[in-house]
Amino acid sequence: MAKVEINRIKVALAETRRKNKWLAEQIGKDESTVSQWCTNARQPSLENLLRIANVLDIDIRELLNSTKEAS
């Protein structure tokens with residue numbers, strides 16, 4: 001089964017010109033954990049998604065890919 005890309009953390013970091021290391025420091029997580037989130041190998045909890053959205057100053061919805069195709 002193909003890996004489903006659920007979150008857009010990597011994209012959001014690129015759009016805000018931030019790095020994994022910076023995000024890890026801001027939310028108090030290990031850099032390897034943030035890296036796994038960015039590659040969609042693991043998914044953050046909703047609480048961590050909210051923390052990420054807050055430190056990036058974006059809407060939490062921008063961190064998730066849509067489950068519906070555009071019509």
Exercise. Around D59, counting heavy atoms of other residues, nucleotides and ligands shown, do more than 12 lie under 6.0 Å from its CG?
Worked result: yes
Exercise. Is there a side-chain contact between W37 and K29, using heavy atoms and a 4.5 Å cut-off?
Worked result: yes
For this session: Give the C-alpha distance, both sets of side-chain angles, the deciding distance and a yes or no for salt bridge (charged side-chain N to carboxylate O under 4.0 Å, His left out) between R8 and E15.
Result: CA-CA 10 Å; R8 300 180 66 253; E15 290 173 349; 3.5 Å; yes
Problem set entry | Those residues that, when tested against S45, pass side-chain contact (heavy atoms from CB on, under 4.5 Å) (two or more places apart) | E47, N48
Exercise. Could you walk me through whether N7 and N65 pass the side chain to side chain contact (heavy atoms under 4.5 Å, CB included) check?
Worked result: CA-CA 6 Å; N7 75 62; N65 283 317; over 6 Å; no
Problem set entry | pair I27-L23: side-chain heavy atoms closer than 4.5 Å | yes
For this session: To the nearest 0.5 angstrom, please state how far the OG atom of S32 sits from the CZ atom of R42.
Result: 8.0 Å
Exercise. Which heavy atom in K10 sits nearest to a heavy atom in C38, and how many Å separate them?
Worked result: CB-O, 3.6 Å
Exercise. Under 4.5 Å between any side-chain heavy atoms of I9 and L49, yes or no?
Worked result: yes
For this session: Decide side chain to side chain contact (heavy atoms under 4.5 Å, CB included) for L13 and N20; before the verdict, give the C-alpha distance in whole Å, the side-chain angles of both, and the deciding distance to 0.1 Å.
Result: CA-CA 8 Å; L13 284 171; N20 295 7; 3.5 Å; yes
Problem set entry | Working for side chain to side chain contact (heavy atoms under 4.5 Å, CB included), residues L63 and V11 | CA-CA 8 Å; L63 295 174; V11 175; over 6 Å; no
For this session: With side chain to side chain contact (heavy atoms under 4.5 Å, CB included) as the test, would you mind laying out the steps for R18 and L56 before giving the verdict?
Result: CA-CA 9 Å; R18 301 291 186 170; L56 293 177; 4.2 Å; yes
